[in-house]
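For ligands, and for the atoms within them, numbers begin at 1 and follow the listed sequence. The structure presented is a predicted model; accordingly, all values stated were derived computationally and were not measured.
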Amino acid sequence: MTAPLKHSDPIRVDVALGDRAYDIIIGRDVLQSLGTRIAALRPGVRTAIVTDRNVAKHWLAPAEAALAQAGIGSSAIVVDEGEGSKTYAGLEKVSEALIAAKIERNDLVVALGGGVVGDLAGFAAAILRRGVDFVQVPTSLLAQVDSSVGGKTGINSPQGKNLLGAFHQPVLVIADTAVLDTLSPRQFRAGYAEVAKYGVLGDEAFLAWLEANHAEVFKGGAAREHAIATSCRAKAAIVARDERETGDRALLNLGHTFGHALEAATGFSDRLFHGEGVAIGMVLAAQFSAALGMIAASDAERVARHLADVGLPTHLQDIAGFAQEGLADADALMALMAQDKKVKRGKLTFILLEAVGRAVIARDIEPGRVRDFLQARLAQRT
Ligand code: GLY
């Protein structure tokens, strides 16, 4: 697999969901085509752009201009940045603003932002007038390769993340790779963990390509577009065969059972971004697979080495303040995993590896086995 050598036309990835199929358009400056693409899909439509304050500073005006150029009217709904907006209060604010903006059944909501904005605006669109279509314009790497594709929308409950939501597919995804230039290096790196995940879970050749080309992906340009398109194609294929996560879609949770426990342990704060939790979780899943004899220890080392090479955390002990707060305790982590929705009748579901590039769903993992593994990991490096 080789990267294209120069920028080319935007890349189009099809999410094949029958009468709800849609395109993901990937490329530099494709935001400029937002209006013409929407006009082609929905002539005469009106729109409301939901975004957050941070993203609005950089990208609201260009998005509005792109719509205006195509003769599409828009109003803007700006929420606070961060998880705090993915709440009942945030949903109320967005929903009331959409009603006040007179967004009708045949109009469109545009979600301009990262995962929080996409999940919130998508859910508001799903319930407004029993369902209004929406367009995703993801502005973080994580949102471009994961959350904007596949139709998972929702908000958090005080009792847990993403406990309220709906499957509501967008009608179009516009992934402009130029908008990623305004991300901090740490945010970009965290999103990269989800890119690497597609290689580790289902495409060894892609992982090998990333091992050789990751510096170019970080620099931008054609390699970045290639990595995003390959990730979107992988996600689109899984979503097309299991939209509602009754089977294979769970493979996308590689690294997330351990990762969510670590995010919870650090209070879902800036101490550990979601993608950083996934990076550590993916390494733990690979090491656990090796401990169960499913892959060689050298395979787990390969996964860890690549993530470390790009500067992602790969050890529990890489999390700031981890030991001091008593989190370096296998029982505390097990308790956090037990709260996760991946537990059924006392058994844990894990996504494990039977090869690098081939993940499997393991539904009956004995908690004691996981506890012993975690204790061993914690003892190895302090
Ligand atoms: N982020 C996992 C999924 O969309 O299923």
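- At least one heavy atom of Lys235 sits under 4.0 Å from some atom of ligand 1.
- Close approach of ligand 1 to Arg249 is summarised as follows: ligand atoms under 4.0 Å from at least one heavy atom of the residue are 3 (C), 4 (O), 5 (O).
- Between Arg371 and Glu366, none of the side-chain N atoms (NZ, or NE/NH1/NH2) sits under 4.0 Å from a carboxylate O, so this pair counts as no salt bridge.
- Interface of Leu252 with ligand 1, defined as ligand atoms under 4.0 Å from a residue heavy atom, comprises 3 (C), 5 (O).
- Enclosure of atom CZ in Arg186 by more than 12 non-hydrogen atoms of other residues, nucleotides or ligands within 6.0 angstrom is indicated.
- Checked for salt-bridge contact, Arg305 and Glu211 miss the test: no charged N lies under 4.0 Å from a carboxylate O.
- For Phe218 and Phe188, the gap between ring centers is short of 6.0 Å.
- With a heavy-atom cut-off of 4.0 Å, Asp146 touches ligand 1 through its side chain alone.
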